[in-house]
Amino acid sequence: MRNKNMTLSKTNSGLYYSSKKLSNGQTIVMLFSAYAVNGNGTFYNVGLAIGKNRKQCLSWYDHKTKYLSGHETGKSTNVKEVLNFCLDILKEFEEYLVSQNKNSCIVIEGSDKRRLEVYKKALKKHRPDYIYHKENEYIYKWIKFNN
């Protein structure tokens, strides 16, 4: 699934991800996991982890590590660097889904209300095509085709 212009990779378990070494030495990983397939399309849940290395971040998503949790560790990150990475990878994954020509939905949830508010605010400003579902507290975007 990799070409020279794409940074997305796919694990053996079907998890799509992209990673980058941040200026503070930590690694950020954005993950996309298909969690439901029905007549409407495939739903992808988005995960975001910052840790020591890519392996640690991927292990967190698969619940195979105790080293990452939903709390901050105090190691400061450059917010703009993280935001730009996330927006770029989100756009890249959308383009990949469009190239697959299948109905898909990207779903973004927060591990807590504070994170959800941060995601909601950033997407409202930079990606207004994402919709906040107030009742279920998640953010989503459909990529639909007339099949």
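Residue numbers count from 1 along this sequence. Just the heavy atoms: all of them, side chains too, but no hydrogens, waters or symmetry mates, feed the values below.
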Compare every heavy atom of [Y] with every heavy atom of [X], then report the nearest pair and how far apart it is.
X	Y	value
Asn103	Lys144	OD1-CA, 3.3 Å
Leu116	Ile108	CD1-O, 4.4 Å
Cys57	Gly51	SG-N, 3.4 Å
Lys52	Lys21	O-NZ, 3.9 Å
Cys86	Ile28	SG-CD1, 4.3 Å

How about Tyr130 and Trp142: are their ring centroids closer than 6.0 Å?
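Distance test on ring centres: not under 6.0 Å, no.
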Same cluster or not: Val46 versus Tyr138, using hydrophobic residues (I, L, V, M, F, W, Y) connected whenever any side-chain heavy atoms lie under 4.5 Å apart?
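Different clusters.
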Hey, which of Phe85, Phe93, Phe32 is the one that makes side-chain contact (heavy atoms from CB on, under 4.5 Å) with Ser18?
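So, applying the side-chain contact (heavy atoms from CB on, under 4.5 Å) to Ser18 and each of Phe85, Phe93, Phe32, only Phe85 qualifies.
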Six-ring centre of Tyr132, Lys120 cation under 6.0 angstrom, axis tolerance 45°
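Yes, a cation-pi geometry.
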Pairing of Glu117 and Lys124 as salt bridge, 4.0 angstrom limit:
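No, no charged N to carboxylate O under 4.0 Å.
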Does the pair Arg115/Asp112 count as a salt bridge with the N-to-O cut at 4.0 Å?
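Salt bridge flag = yes for Asp112 with Arg115.
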Take atom CZ in Arg54; do more than 12 heavy atoms of anything else shown fall under 6.0 Å from it?
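No, CZ of Arg54 has 12 or fewer neighbouring heavy atoms, counting only those of other groups under 6.0 Å.
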